[in-house]
Enquirer: 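Before anything else, here's the structure in question.
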Amino acid sequence: MKACALVLLSVLFNIVVVKGQLSDFSGTDFTKADSIAELYPMHPLKDLKVLSDKLTAPLSTDVEKFRSIFKWVCTNIENDYALFLENKNMRAKLKGERLTRWEKNFSTRVFGIMASRHRTICTGYAYLVKELAFHAGMNCRIVNGYGRHARANIGGSGIVNHSWNAIELQGKWYVCDPTWSSGMIDAQNQAYTKKFEDVYFLSEPSLFVRSHFPLDPEWILLNEKPALETFLNAPLVYMASFRFAVEPVAPALFNIDVPRDGHVSFEFTMGSAMTFRDASLYIEDSRAGDSFERHSGDVVTYGAVHKFSRKGTYAVHIVVDGSPVLSYNVRVQ
Amino acid sequence: MKHLNLSNPKCRATVTTSLFAAFILMLATVNQSFSQTASGQTGHLVSGIVKDEKGEAMIGASIYLKGSTEGTTTNADGRFEFPRKLNEGDRLTISFIGYESVEYVVKGDADENIEVVMKVDVIVWGEVAMDNAYTTKPGLRQFFRRIF
């Protein structure tokens with residue numbers, strides 16, 4: 001059963017990494033790059049060449065230079081929640097030529113606000129990283145596509161809503177997301193909190209593709225690419241999924257239908273070097289969590305079985321050390 | 001050792017030709033040295049105008065020699081003149097926030113007056129990071145169960 005699930009998962013996601021990730025630079029100490037990024041708080045954006053030179057000239061390797069640029073952008077540019085809402089609403093409202101016209105004006109306004117107030121939305125972050133890298137002689141691209149979290153791109157046909165970057169370092173391509181590394185919106189109080197997170201810096205592509213699906217599949221950076229449909233219907237991942245390198249094993253889909261008093265087996269794997277204190281399964285509306293058991297084998301998996309005895313629709317979360325790593329939607333008939 | 005016999009007309013002609021060639025070469029060298037001294041450098045001037053897609057002049061666009069800190073910015077008419085002479089193959093980067101940077105390769109050896117058109121080549125997307133756990137929309141029965 002376990003073996004079947006693993007085969008199914010690998011068929012669904014084909015996790016054969018052919019491109020780079022942060023561990024390629026495990027011997028690189030980013031302390032100097034991070035310190036240089038801290039030297040220029042709120043540096044003007046009028047002349048990006050000047051800023052790029054300041055951030056990169058003292059560093060010797062491209063990965064350190066890129067780190068300095070990435071860190072500066074993430075820690076000096078704030079997400080503008082009002083612009084985010086306007087963008088979202090207008091895209092839902094306008095179509096065709098009117099949308100194109102609005103997009104042009106909106107772009108100009110977004111970059112104007114970024115230059116004057118150091119505030120933007122995701123394409124602004126990706127643009128800045130790309131331009132600063134360009135001035136430092138690096139090959140960097142903006143990648144547009146589908147970003148997925150608890151409020152976006154769950155099932156359905158998908159909505160293009162996000163931009164991130166691909167960067168070429170030592171002949172290999174890597175992915176990173178400066179917007180999601182800069183801080184986040186709290187859904188409860190609708191406020192942006194600035195906090196640097198480096199899980200989206202040169203991320204492992206097979207993890208990254210679970211929350212970032214590019215319009216051009218080339219930027220998935222995997223040999224064999226999952227389909228958009230697979231992306232939209234897979235279990236939901238979180239920032240902590242990256243930290244613990246969590247991969248879902250079973251169920252393979254986000255939506256699960258189960259009869260009343262039916263059992264569902266939840267199973268996942270974790271990065272081999274990861275350590276944690278506690279992994280639990282939490283069912284929405286219930287107070288206590290079920291504990292996961294460790295199953296040794298060729299691949300170590302963690303499993304828990306839950307019986308659903310009441311009708312309804314439930315969010316089910318796998319929580320590791322207090323942070324959600326995977327979520328499912330269970331419909332009990 | 002072979003000695004030149006200047007009384008021989010053939011030999012005399014050869015020496016005269018060689019001396020003339022050496023003189024021309026010397027003149028050319030002196031001329032080049034003089035022009036280098038006068039201008040301080042070789043190459044030619046690159047100036048131009050930077051416009052947006054609507055054809056409007058862009059004020060404050062940056063123009064740099066790639067790989068260096070040498071550069072200038074466009075004036076109120078969108079015009080610039082690079083502060084020193086450039087050589088064929090030198091690369092200029094022209095940038096302005098919100099626009100795709102442009103790279104221009106310096107051509108030939110005559111002064112150039114270029115026109116650069118910068119494009120806004122990005123569609124702005126705006127998804128934010130949200131790490132809150134997923135929640136369902138409860139059915140009526142669940143709704144009352146959650147309240148009571």
Side-chain angles (χ1 to χ4, degrees), chain A residues 45-50 53 79 81 83-84 87-88 103-104 106-108 110-112 114-115 121-124 127 131 134-135 137 142 144 147 149-152 154 160-163 179-188 192 236 238-240 284-285 311-315 317 324 327 329, chain B residues 50 52-54 56 58-74 80 82-83 91-104 118-148:
Chain A
L45 297 172
K46 196 174 178 315
D47 192 333
L48 295 180
K49 169 79 165 78
V50 170
D53 283 351
N79 208 304
Y81 193 59
L83 280 179
F84 156 71
N87 191 32
K88 195 175 173 184
E103 274 174 340
K104 277 264 176 195
F106 187 65
S107 292
T108 310
V110 164
F111 288 112
M114 184 165 77
I121 50 177
C122 64
T123 307
Y127 167 86
E131 285 294 308
F134 166 81
H135 287 297
I142 296 176
N144 294 317
H149 58 65
R151 299 274 176 96
I154 303 284
V160 177
N161 59 352
H162 195 35
S163 303
T179 313
W180 289 15
S181 292
S182 73
M184 64 185 67
I185 299 289
D186 181 60
Q188 309 301 325
Y192 171 75
L236 184 63
Y238 297 90
M239 211 173 264
E284 199 175 27
D285 293 346
K311 278 189 179 179
T313 303
Y314 302 92
H317 309 293
S327 288
N329 189 56
Chain B
V50 180
D52 65 13
E53 286 170 287
K54 292 174 194 163
E56 287 174 15
M58 296 181 72
I59 306 159
S62 306
I63 299 98
Y64 280 97
L65 176 62
K66 198 173 181 184
S68 80
T69 53
E70 293 173 82
T72 185
T73 53
T74 53
F80 72 94
F82 201 79
R91 288 167 188 271
L92 294 179
T93 57
I94 300 104
S95 59
F96 191 91
I97 193 154
Y99 290 76
E100 286 275 301
S101 287
V102 174
E103 197 168 286
Y104 177 77
M118 303 202 71
K119 292 177 182 169
V120 180
D121 203 19
V122 287
I123 296 173
V124 174
W125 305 104
E127 195 53 57
V128 290
M130 200 173 275
D131 208 40
N132 295 77
Y134 171 78
T135 51
T136 58
K137 286 177 187 153
L140 200 59
R141 191 188 303 185
Q142 272 179 298
F143 177 74
F144 284 109
R145 208 187 288 154
R146 281 178 192 181
I147 292 174
F148 302 108

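A quick note: this is a predicted structure, and the numbers were derived from the prediction, not measured.
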Enquirer: Ignoring hydrogens, what is the shortest heavy-atom contact between A/Ser107 and B/Val120? Give both atom names and the distance.
Expert: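 Shortest heavy-atom contact: CB-CG1, 4.0 Å.
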Enquirer: Looking only at side-chain N and O atoms, does A/Glu284 offer a donor or acceptor that is under 3.5 Å from a partner on B/Thr136?
Expert: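 Yes, a side-chain donor-acceptor pair sits under 3.5 Å.
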Enquirer: Less than 4.5 Å apart, side chain to side chain, heavy atoms only: is that true for B/Tyr64 and A/Asp47?
Expert: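 Yes; the side chains approach each other to less than 4.5 Å.
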Enquirer: For chain B, which of A/Asn144, A/Ile121, A/Ile185, A/Asn87 has the most heavy-atom pairs under 4.5 Å?
Expert: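 Most pairs with chain B among the choices: A/Ile185.
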Enquirer: Do the side chain of A/Lys49 and the main chain of B/Ile63 share a donor and acceptor less than 3.5 angstrom apart?
Expert: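 Not at all, since once roles are kept as given, no pair shorter than 3.5 Å links the two residues.
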Enquirer: Checking the side chain of A/His317 only, and the main-chain atoms of B/Tyr134 only, is there a donor and an acceptor separated by less than 3.5 Å?
Expert: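 Yes; judged by distance alone, with no hydrogens or angles, the pair exists.
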Enquirer: Among A/Ile154, A/Leu45, A/Leu83, A/Val50, single out the residue with the greatest number of heavy-atom pairs under 4.5 Å to chain B.
Expert: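 Highest number of heavy-atom pairs under 4.5 Å: A/Leu45.
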Enquirer: Need one label for B/Ser101: side chain, backbone, both or neither, based on atoms under 4.5 Å from any heavy atom in chain A.
Expert: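 Contact with chain A: backbone and side chain both.
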Enquirer: My understanding is that only residues two or more places apart in sequence, or in another chain, count here; which of them pass side chain to side chain donor-acceptor pair (under 3.5 Å) with A/Arg151?
Expert: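 Partners of A/Arg151 by the side chain to side chain donor-acceptor pair (under 3.5 Å) criterion come out as none, since no residue qualifies.
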Enquirer: Say whether, by atom type as modelled, one donor and one acceptor occur between the side chain of A/Tyr238 and the main chain of B/Ala133 under 3.5 angstrom.
Expert: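 No.
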Enquirer: Which residues pass the side chain to side chain donor-acceptor pair (under 3.5 Å) test with A/Thr179, sequence neighbours left out?
Expert: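 Not a single residue meets the side chain to side chain donor-acceptor pair (under 3.5 Å) criterion with A/Thr179.
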Enquirer: Which heavy-atom pair separates B/Phe96 from A/Tyr127 by the least distance, and what is that distance?
Expert: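 Smallest heavy-atom distance, with atoms named: O-OH, 3.2 Å.
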Enquirer: Please state whether the side chain, the backbone, both or neither of B/Ser62 comes within less than 4.5 Å of a heavy atom of chain A.
Expert: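 Side chain only.
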Enquirer: How long is the straight-line distance from CD of B/Glu100 back to CD of A/Glu131, given to the nearest 0.5 Å?
Expert: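 The CD atom of B/Glu100 is 6.5 Å from CD of A/Glu131, to the nearest 0.5 Å.
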